[in-house]
Participant: 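First the structure, which I've put down as structure tokens, then a few questions once you've had a look.
Residue numbers start from 1 in every chain, and the chains themselves are labelled A, B, ... in the order their sequence lines are given, proteins ahead of strands. No hydrogens, no waters, no symmetry mates; every other heavy atom, side chains included, goes into these values. What you see is a predicted model; the values in this text were computed from it and never measured.
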2 protein chains.
Amino acid sequence: MDEKLRAPLREQLVNCSLPAALEAMGERWSFMILRAAFNGLHHFEEFQSELGIARNILANRLGRLVEHGILTRDAMVKDRRKIHYQLTEKGVALLPTMLALRQWGERWETGFRASPVLVDARDRRPIGPIEVRSWDGRVLTKRDLLWALPEDVDDSGEHGRGDDADDDTATSAVRAAE
Amino acid sequence: MDEKLRAPLREQLVNCSLPAALEAMGERWSFMILRAAFNGLHHFEEFQSELGIARNILANRLGRLVEHGILTRDAMVKDRRKIHYQLTEKGVALLPTMLALRQWGERWETGFRASPVLVDARDRRPIGPIEVRSWDGRVLTKRDLLWALPEDVDDSGEHGRGDDADDDTATSAVRAAE
DNA sequence: CGTTTTCAGTTGCAACTAGCAACCTAGTTT
DNA sequence: AAACTAGGTTGCTAGTTGCAACTGAAAACG
């Protein structure tokens, strides 16, 4: 690996969003609960009997997911006992992560496609593999990729697609290459 | 929700590759170690000082990742004390998962882009967001997605890439969560 | 109305896991 | 040989997981 990158890399490994993400989702049952939520479950007892998770752990995990803004928690009007848990936008945003993990498990652990299958509603074909792509959609493999410091990044492609535009960080966006 | 899907869904939620994936990667430090490995670290002491993880936990996690075939472990020829940990193909295959999680953290937790940034070596632009796509590459949002049972899946698009399958077509599926 | 059932949790307690600091062992350097 | 390194292991404490049994409030039943 590039020595120029090596030393700063050291300092910056800490400064990563991964720990923050794992703070919210790093516990054992979190992804399982999330998956159940994606599959349309909304109530405590549903999660409990579905996942076979201990009740206290489930209560704790649900509470944490609510705290982190991944689920909302509301008593239902029709039946005040029933709590309705629902994915927020932030929670839904975890779908690619969950699918990537699941696909990896299918390919490298279980060896077969899990059910139910997530399909494109339009043609009922299974979704494609979650992949790393360039800003303009080319599939990238490990050989196409490089770790770069913010100064060496070309940020000019950031304003073409619909991902939010308040990227004020990182930017002495020097044209490093080309 | 559709009752026709509901009952089978119950039985099948267990039969998912997610638990298998979490068995390998679900522990607290696993993704952090993986990330360090992606950043080019190879040795015990590097991981240790980089991540600030306890030595016994690190030893245990590295051992587990090796057991699961995510890392290889080899004594170096030049210095028999030094152990060289290296990502296997299976380990590298976790890159999309790790990036999806990281990107989610950037967008929803820390709010800024972490460093170092993964860029396309060709143009030094940051990689695009990890997204769910159809078999032919269209970006799919939550509204485009359905959970379907294997019988209801159209598998005819499966022969462009290396995933195995055979099933026929029918009809009954359910919109992805609500 | 009182009783029973259901839902979503708590509480108490045992077993297991994470984390720190100190120690160990084989291989390497001086 | 003595000292040093890399990569662990061990002992101990603090926290987490998990089961089972209990609670409390809202709904359903008779």
Side-chain angles (χ1 to χ4, degrees), chain A residues 6 10 13-14 18-37 40-68 70-87, chain B residues 1 6 10 14 18-19 22-37 40-68 70-87:
Chain A
R6 205 51 181 285
R10 284 274 147 73
L13 266 179
V14 185
L18 205 58
L22 290 168
E23 171 101 14
M25 292 301 300
E27 281 146 319
R28 255 202 259 301
W29 286 100
S30 303
F31 271 103
M32 292 298 289
I33 292 171
L34 190 79
R35 175 171 126 81
L41 304 196
H42 297 288
H43 301 289
F44 189 94
E45 305 289 339
E46 287 180 321
F47 288 113
Q48 205 281 316
S49 69
E50 199 63 41
L51 302 175
I53 180 175
R55 302 179 71 82
N56 55 346
I57 305 294
L58 177 58
N60 185 287
R61 281 311 94 90
L62 286 172
R64 191 178 286 264
L65 291 173
V66 170
E67 272 176 37
H68 276 89
I70 291 165
L71 295 175
T72 54
R73 178 190 188 282
D74 298 289
M76 297 186 80
V77 251
K78 280 197 63 174
D79 182 343
R80 266 33 255 312
R81 294 170 305 180
K82 278 194 161 179
I83 302 295
H84 188 80
Y85 288 100
Q86 181 145 264
L87 286 164
Chain B
M1 175 168 265
R6 206 49 181 285
R10 281 277 147 72
V14 186
L18 206 56
L22 290 168
E23 170 103 14
M25 292 301 301
E27 282 147 319
R28 253 199 257 304
W29 285 100
S30 303
F31 271 103
M32 292 297 289
I33 291 171
L34 191 78
R35 175 172 125 79
L41 303 197
H42 296 287
H43 300 290
F44 189 95
E45 306 290 337
E46 288 179 321
F47 288 112
Q48 205 280 316
S49 69
E50 200 63 40
L51 301 174
I53 180 176
R55 301 178 71 83
N56 55 344
I57 306 296
L58 178 58
N60 186 287
R61 282 313 91 93
L62 286 172
R64 191 178 287 263
L65 291 173
V66 170
E67 270 175 37
H68 281 281
I70 291 165
L71 294 176
T72 55
R73 180 189 187 281
D74 297 289
M76 298 185 79
V77 253
K78 280 196 60 173
D79 182 343
R80 261 43 248 314
R81 293 170 306 181
K82 278 195 161 176
I83 303 295
H84 188 79
Y85 288 99
Q86 184 145 262
L87 287 164

Participant: Write down the distance between CD (B/E45) and C1' (C/dA26), rounded to a whole number of angstrom.
Facilitator: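 Nearest whole value for this atom pair: 14 Å.
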Participant: Does A/Y85 make a side-chain N or O approach to OP1 or OP2 of C/dC7 shorter than 4.0 Å?
Facilitator: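 No, outside the criterion.
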Participant: For A/L51 and D/dT17, what is the distance between atoms CG and P respectively, to the nearest whole Å?
Facilitator: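 After rounding, the gap between these two atoms is 15 Å.
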Participant: I need the CG-P distance between B/L62 and D/dA6, as an integer number of Å.
Facilitator: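 So the two atoms are 16 Å apart, to the nearest Å.
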Participant: From CG of B/N60 over to P of D/dG7, roughly how many Å is that when rounded to an integer?
Facilitator: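 Distance, rounded to whole Å: 17 Å.
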Participant: Take atom CD of B/E27 and atom C1' of D/dT16, then tell me their distance rounded to the nearest Å.
Facilitator: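 One finds 13 Å between C1' of D/dT16 and CD of B/E27, rounded.
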Participant: What is the nucleic acid contact for A/N56, judged by heavy atoms within less than 4.0 Å: base, sugar-phosphate only, or nothing?
Facilitator: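 A/N56: base contact, heavy atoms under 4.0 Å.
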Participant: What class does the angle between the rings of B/H84 and B/H42 fall in, given that below 30° is parallel, 30 to 60° is tilted and above 60° is perpendicular?
Facilitator: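 Parallel, since the angle between the ring planes stays under 30°.
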Participant: By nearest nucleotide on DNA chain D, pick out whichever of A/G52 and A/R64 is the more 5' one.
Facilitator: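 Going by which nucleotide is closer to the 5' end, it is A/R64.
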Participant: From the options C/dT10, D/dG18, D/dT17, select the nucleotide whose nearest atom is closest to the side chain of A/A59.
Facilitator: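 That would be C/dT10.
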Participant: Between A/F47 and A/Y85, what is the ring plane arrangement, given parallel below 30°, perpendicular above 60°, and tilted in between?
Facilitator: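 Because their plane-to-plane angle is over 60°, the rings of A/F47 and A/Y85 count as perpendicular.
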Participant: Does A/H43 make a side-chain N or O approach to OP1 or OP2 of C/dC7 shorter than 4.0 Å?
Facilitator: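 Indeed not, no polar side-chain atom of A/H43 lies that close.
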Participant: Rounded to whole Å, please give me the gap between CZ in B/R28 and P in D/dG15.
Facilitator: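 In whole Å, D/dG15 P and B/R28 CZ are 13 Å from each other.
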Participant: Is the closest basic N to carboxylate O distance between A/R55 and A/E45 below 4.0 Å?
Facilitator: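 Counted as a salt bridge, because a side-chain N and a carboxylate O are separated by less than 4.0 Å.
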Participant: For side-chain contact (heavy atoms from CB on, under 4.5 Å), just list the numbers for B/I83 and B/D74, CA-CA rounded to whole Å, side-chain angles, deciding distance to a tenth of an Å, and then say yes or no.
Facilitator: CA-CA 5 Å; B/I83 303 295; B/D74 297 289; over 6 Å; no
Participant: Charged N to carboxylate O below 4.0 Å: is that the case for A/E23 and A/R64?
Facilitator: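 Not counted as a salt bridge, because no side-chain N and carboxylate O are separated by less than 4.0 Å.
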Participant: Considering only side-chain heavy atoms of B/R80, which listed nucleotide, D/dG7, C/dG27, C/dG19, is closest?
Facilitator: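 Per side-chain heavy atoms of B/R80, the pick is C/dG27.
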Participant: Taking N and O atoms by type only, does the side chain of B/R55 place a donor or acceptor under 3.5 Å from a partner on the base of C/dG19?
Facilitator: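 A donor-acceptor contact between them is absent.
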Participant: Write down the distance between CD (B/E50) and P (D/dA6), rounded to a whole number of angstrom.
Facilitator: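 B/E50 atom CD is separated from D/dA6 atom P by 15 Å.
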Participant: With a cut-off of less than 4.0 Å, is there a side-chain N or O of A/R73 near OP1 or OP2 of C/dG9?
Facilitator: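 So the side-chain polar atoms of A/R73 do come within 4.0 Å of the phosphate oxygens OP1 or OP2 of C/dG9, strictly under.
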Participant: Is the phosphate of C/dG19 approached by B/W29 (side-chain N or O, under 4.0 Å from OP1 or OP2)?
Facilitator: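 Yes, B/W29 has a side-chain N/O under 4.0 Å of OP1/OP2 on C/dG19.
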Participant: Map B/D79 and B/I53 onto DNA chain C by nearest heavy atom, then report which one ends up closer to the 5' terminus.
Facilitator: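 On the 5' side of the pair lies B/I53.
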Participant: So what does B/I57 touch, heavy atoms closer than 4.0 Å: a base, only the sugar-phosphate, or nothing?
Facilitator: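 Base, at least one base heavy atom under 4.0 Å.
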Participant: Taking atom types as they are modelled, is there a donor-acceptor pair under 3.5 Å from the base of D/dT5 to the side chain of B/R81?
Facilitator: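 It does, because a donor-acceptor pair links the side chain of B/R81 to the base of D/dT5 below 3.5 Å.
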Participant: What is the distance from CG of A/L58 to C1' of C/dG9, rounded to the nearest Å?
Facilitator: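 One finds 9 Å between C1' of C/dG9 and CG of A/L58, rounded.
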